[in-house]
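Data block below; observations after.
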Amino acid sequence: MNLQHIPQIKYTDSGNFFLLAGPCAIEGEEMAMRIAEKLIGITDNLQIPFVFKGSFKKANRSRIDSFSGIGDEKALKILRKVSETFGVPTVTDIHTNEDADMAAQYVDVLQIPAFLVRQTDLVVAAANTGKVVNLKKGQFMSPESMKHAVQKVLDCHNENVMVTDRGTMFGYQDMIVDFRGIPTMQQYATTVLDVTHSLQQPNQTAGVTGGRPDMIETIAKAGIAVGVDGIFIETHFDPANAKSDGANMLHLDYFESLMTKLVAIRKTINTF
C-alpha cells in the first residue's frame, strides 16, 4: 500500500516508520483534542507520518458494565473535528457491516478488530467503502493465514490494505510477539506492529484486561529493528483513569522520548 493514499498524511518521504496513535476510546472532545495536539507536535518535529487513532465505540468488552462509548455519532464527529482542526488522517475500529458505511463518512482508515478479522462480510463491507483498511491479525491466527484476509480486500478492488500484528495468545492470560511474522506478513501487505495491545494480559478473573506497559519500549524497539513499516501505540495523559485499556497504554508524557529513540533506530536500520 502506498502511504500517500491516506488523505492528509505527511512526511511520507522522511524514511521514517509511520505511526497510528491515540487513545483507546474517544471519551470526550477535550481529551481527544489534547492528545491529538501533543502527538501532532511530536510527529511534526520528528517528521513521522501520523494517523490519529480513536475507537468511536468499544464493542468487544469483557463485561457488560464496561465503558463502550459516548455515542456513535458524537464520537465520530470528534474524530472528524480532530482531522479538520489539525489536518491529520484518522482511524477507528468497526464491528458491524453497518458501522463501515457510517464510520467511512468521518474517518480515513477503517480498522477491523483482531477478534473479527475472519468475518468475511465485515471485511468486505470495509473494503467496499474504498477507504484504507487496517486488518488486525487475530490472536489465534498465524502470520501466514493473514494473506487470505488481505486477499478479501483485494478481491473487492481495494488495494489500500495493511495488516497489524497485535501478538498471539500464549496461554490463557498473556500475549507474545513472534517477530518472524513481520517479514512474513510484509509479503502480503504493509505491516504494522501494535505495541500496546501486544502487551495485554486478557481474561483476568476481574473481567478487566491487564497489561505490561513497562515493556512498551522493548517491543517497539524490536519492531523497528526488524523493519516493520508502521507502529501502533495507544496513549493517554492519565492511563490509570482511562475508560478502556488503561493497563497497557503508554503515558503521554513518555511518548516523545520513545519516538525519538525509535526514529534514531530507524535511521540506523536505513543505512544497512
Mind checking whether E234 and P23 have side chains closer than 4.5 Å, heavy atoms only? no
At what distance, to the nearest 0.5 angstrom, does CG of D99 lie from CG of D72? 6.5 Å
Taking S14 for its side chain and Y11 for its backbone only, find out whether a donor-acceptor pair lies under 3.5 Å. yes
Is M146 close to L135 at the side-chain level, that is, under 4.5 Å between some pair of heavy atoms? yes
Taking T92's backbone N and O only, do any of them form a donor-acceptor pair with S55's side chain (distance below 3.5 Å, no angle check)? no
Between T191 and A189, is there a donor-acceptor pair closer than 3.5 Å when you use the side chain of the first and the backbone of the second? yes
Verify the cluster assignment for L262 and M215: are they in a single hydrophobic cluster under the rule of side-chain heavy atoms below 4.5 Å apart? yes
Using only heavy-atom distances, determine whether the side chains of T164 and N134 contain a donor-acceptor pair under 3.5 Å. yes
Over 60° means perpendicular and under 30° means parallel, so classify the ring planes of F50 and F52, tilted if in between. perpendicular
Specify the closest pair of heavy atoms between I112 and V117, including all atoms of both residues, with the distance to one decimal. CG2-CA, 3.8 Å
Counting only heavy atoms not in K10 (residues, nucleotides, ligands), do more than 12 fall under 6.0 Å from its NZ? yes
Would you say the side chain of V226 lies within less than 4.5 Å of the side chain of V228, judging by non-hydrogen atoms? no
Under 4.5 Å between any side-chain heavy atoms of V163 and T190, yes or no? no
How about S83 and Q8: does a side-chain donor come under 3.5 Å of a side-chain acceptor? yes
K137-T168 side chain donor-acceptor pair, cut-off 3.5 Å: yes
Measure the CD-CG distance between E159 and N2 for me, rounded to the nearest 0.5 Å. 10.5 Å
Ignoring hydrogens and geometry, is there a side-chain-to-backbone donor-acceptor pair from K131 to A104 under 3.5 Å? yes
Are side-chain heavy atoms of T218 and I216 found at a separation under 4.5 Å? no
Please enumerate all residues that pass ring pair (Phe, Tyr, Trp, His ring centres under 6.0 Å) together with H5, with sequence neighbours excluded. none
Rounded to the nearest 0.5 Å, what separation is found between the CG atom of L250 and the OG1 atom of T196? 8.5 Å
Compare all side-chain heavy atoms of L46 with those of T260 and state whether any distance is below 4.5 angstrom. yes
Between D229 and Q186, do the side chains contain a donor N or O and an acceptor N or O under 3.5 Å apart? yes
Is any side-chain heavy atom of E144 closer than 4.5 Å to one of Y188? yes
Apart from M1 itself, which Ile, Leu, Val, Met, Phe, Trp or Tyr residues share its cluster (side-chain heavy atoms under 4.5 Å, direct or through members)? L3, I6, I9, F18, L20, V51, V91, V109, V132, M162, V192, F232
Under a 3.5 Å distance rule, please check whether D194 uses its side chain to pair with a backbone N or O of G167 as donor and acceptor. no
So which pairs with a foot in residues 78-116 pass ring-ring contact (aromatic ring centres under 6.0 Å, His included), sequence neighbours left out? none
Do F56 and I78 belong together in a cluster built from hydrophobic side chains that touch within less than 4.5 Å? yes
Whether H251 side chain and F237 backbone form a donor-acceptor pair below 3.5 Å: yes
Spacing of K147 atom NZ and K152 atom NZ [to the nearest 0.5 Å]: 13.5 Å
Can any side-chain N or O of K53 pair as donor or acceptor with the backbone N or O of C24 at less than 3.5 Å? yes
Hydrophobic cluster identity match, F179 and I265, side-chain contacts under 4.5 Å: yes
Assess the residue pair N160 and V153 against the criterion (side chain to side chain contact (heavy atoms under 4.5 Å, CB included)); give the C-alpha distance rounded to whole Å, side-chain angles, the decisive distance to 0.1 Å, and a yes or no. CA-CA 8 Å; N160 296 318; V153 179; over 6 Å; no
Between I224 and Y254, is there a shared hydrophobic cluster once you connect ILVMFWY residues whose side-chain heavy atoms come closer than 4.5 Å? yes
First locate atom CE of M169, then atom CD1 of I176, and finally report the distance between them rounded to the nearest 0.5 Å. 12.0 Å
Indicate, with yes or no, if I26 and M249 share a hydrophobic cluster defined by side-chain heavy-atom contacts under 4.5 Å among Ile, Leu, Val, Met, Phe, Trp and Tyr. no
Say you draw a straight line from OG1 of T120 to NE2 of H148; how long is it, rounded to the nearest 0.5 Å? 11.5 Å
Report yes or no: does T129 contribute a side-chain atom to a donor-acceptor pair with the main-chain N or O of A125 at less than 3.5 Å? no
Side chains of R118 and M141: does their closest heavy-atom pair fall under 4.5 Å? yes
